[in-house]
Asks: 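Dropping the structure in here first, questions after.
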Amino acid sequence: MIPALAHISDSAPRRRASRSLARRTADALASAVAEVLANDEVASRPGLMQRLDPRVKLISILGFAVTVSFVHSLPVLLAMAVLTVALAVASRIAAGPFLRKVWAAAGFFGVLLAAPAVTAWITPGTVLVPFGPASITYPGLLVAARLVLRVAGGAGFGLLVMLTTRWTDLLAALTAMRVPDLVVATLAMTQQQIMSLLRTVENMHLARESRMLSTASAGQDRGWVVERMAFVARKSFKTADDVYDAMLARGFSGAVPTLSRLATGPRDWTWLLVSVASCAAMLAIDRMVFPA
Amino acid sequence: MSAPFVLTGVCHEYRPGALALDGIDLVIETGQHVAVVGANGSGKSTLLKMLDGLVFPTAGTITSFGHPLTESSLEDPVMRREFRSRVGFVFQEADVQLFCSSVFDELAFGPLQLELAEADVRARVAEAAEALRIGKLLDRAPYALSGGEKKRVAIAAVLAMRPDVLLMDEPTNALDPRSQVWLLEVLSEWKTAGRTVVIATHDLSAAAEACDRMVVLSEEHRVATDGTPFDVLAQRDLLLEVNLIHEHAHRHGRGEHAHPHEHGHLHAE
C-alpha cells in the first residue's frame, strides 16, 4: 500500500460543518481511495523524474538519501532539501503540497526528536535563551537544525520516488533489483486488497448513514465501529483464502516469477551520472568548504 | 479421449451437517457447454470449485481426463501442471482473481507458472489482450479498473493459459447489458472452437443462450434435472420447486394474470 505520506493533492482540504461519524469516515475512506488513484495520475505526468527508469530512479534516490545522512554542514543539507523541491517542481508536482507532506511526515517527527537536543542539558554551549537545564543553546540549535534538515531531505527524496513512480513500475523495479518474488507479490496483493476493503468499509458507513433517522451517540458510534472492524477482519481472512484459491487455480506452486518490462536509455544513464556527480560534489563541499 | 470430468456420487460437507452437494453424478464431455443452474446456496459455486480441484468431495469420486482428481493427486507436480494448464477458472468476484500489480503481470501470471519461455509468455499475453480488447489496459493497476474491465482482465488472465476447459462462476454478474452481450458472443466463439465450458449461474436466459446443456441443482443440493435448455425450461413446475422462477401476478391494462417469472423474461403484451 502506498503510505499516507505519499498521498498528495493539489487542492486544499475542504472544511465542512459538523458531520456524523459515519459520514466523516466514509468521506475519509473515499478520499483515501481517490488519493491513491490520483497518485497514479501524478506518476503519469510527463515530468523529469517520471520519465526515468524506476530502477535507475530508485538507485539514484537511494544515493541521495545516503548522502544526506553523511552530510554535516547546514548549507549543504539546506541545498539538498531545496534540491528535492526543485526536482518535485521539475516533475510537475506543486511545491506547496509537496512541502506540506514532507513537513507533516518528516519535519514534525524531526522536531519532536530534535527538541531535547536544543537544551543545555543535552547539548551544552553558548546559551541563547536561559531556562535552567532546559536553556536553549547555540550548539543545540545547530544539532536540531541538522537533524530536521536530514530527516526532511531523506523524506523528500523518498516522497519523490513514491510520487513519480507508478505502483506497478515500483514493484517491477523491486523485482528487477532481486527483491524476492514473494515479497513483491505480497506487496501487490496487499495494495489490491486494501483498496477493495477500503471500498467495502466506505459502503458500510454509507449504508448505515442511509438508514439512520437520528444522530447516534458517541458510544453507539464507537460500538458500531468496533463491530464493523471485526466484520472487516473476518472478510479479509475470507478474501485471503479466496485469493489463494485463485492463485492455485492458475498454477501457483510457491514462486511468483514476473517478466521485467523495464528498459534504460541515454536519459537514464545521464541522470545516473549527474546524480553520482551531485552526491560526490555535495560530500566534497561538505568536507572541504565546511569542515566540522 | 477421456471426458474432462466424471463425477460419481459426489458429496461435500463444509462441516458436519452443512451439506453443499449431495450424491452428484455427472459426466461432462469434451466440447460441451454446460450451465449449472440453481438458487442461491444450492451448491453451484462449490461444484465449480470442485471441478477446479480447489475443494474435494467428502464422499464420491471425480476423475478429470481419466485421472483421479484428489488433493493428493494434485500434489504431484506433473499432474498439477497438466491439470492447471487444461482447466481454467474465472471466479465470480474479479477482485479476488486480480492479485498482481498490473494487468500485464496478471495475464502473464498463468503462463509463467507453466514455465513457458519469455517469448511465449509475451505472445500469450498479447493474444489474450487482443481477444478481450484490453490492450490499452496492460500497464494499469487492476484496482484502478471498472467492474466490466476487471471482468475482462479476469477472463483474459485465464485465457492466456489456453485451457481446454473453462469454468466460470456467475459470468454475467457485475456486467452491464452491453458487456453481457459481449460475453455471450465470446462464449459462442468458444463453442465454435470446440472448447468445453461449464458456467454456474442463476440467470436462466444467459444459461439458455450460452449453453447446450443445463444441469439444475435443487435446494437440497442434488441434481434435479439434466437436459437441453429447451427441455429444462419447459419444466415449469420443477423450476418453481427449485426456486429458479416464481409466480408473478401483474396487470396488463384492465386485466390481471399470473405466470411463472424468470430472469430475462419479457412481456410481449
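Letters A, B, ... mirror the listed sequences (proteins, then strands); counts begin at 1.
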Asks: Do you know which of B:R140, B:E115, B:M161 has the most heavy-atom pairs with chain A at a distance under 4.5 angstrom?
Replies: B:M161
Asks: Measuring from B:R80:CZ to B:E75:CD, what's the distance to the nearest 0.5 Å?
Replies: 8.5 Å
Asks: Is it the side chain or the backbone of B:D52 that comes within 4.5 Å of chain A heavy atoms, both, or neither?
Replies: side chain
Asks: Using heavy-atom distances under 4.5 Å, tell me whether B:L167 contacts chain A through its side chain, its backbone, both, or neither.
Replies: neither
Asks: Check whether more than 12 heavy atoms from other residues, nucleotides or ligands sit under 6.0 Å from atom CD of B:E93, and answer yes or no.
Replies: no
Asks: Most heavy-atom pairs under 4.5 angstrom with chain A, which of B:P111, B:P142, B:G88, B:A157?
Replies: B:P142
Asks: Please determine if A:R51 forms a cation-pi arrangement with A:W271, meaning its NZ or CZ atom is less than 6.0 Å from the six-membered ring centre and no more than 45° off the ring axis.
Replies: no
Asks: Measure B:E106 against the heavy atoms of chain A and call it side chain, backbone, both or neither at under 4.5 Å.
Replies: both
Asks: Between atom OG1 of B:T196 and atom CG of B:L166, what is the distance when rounded to the nearest 0.5 Å?
Replies: 9.0 Å
Asks: Relative to chain A, which segment of B:V125 carries a heavy atom at a distance below 4.5 Å: side chain, backbone, both, or neither?
Replies: neither
Asks: At a 4.5 Å cut-off on heavy atoms, which part of B:L112 comes close to chain A: side chain, backbone, both, or neither?
Replies: both
Asks: Report the distance from atom SG of B:C11 to atom CG of B:D22, rounding to the nearest 0.5 Å.
Replies: 5.0 Å
Asks: Classify the angle between the aromatic ring planes of B:F109 and B:F99 as parallel (below 30°), tilted (30 to 60°) or perpendicular (above 60°).
Replies: perpendicular
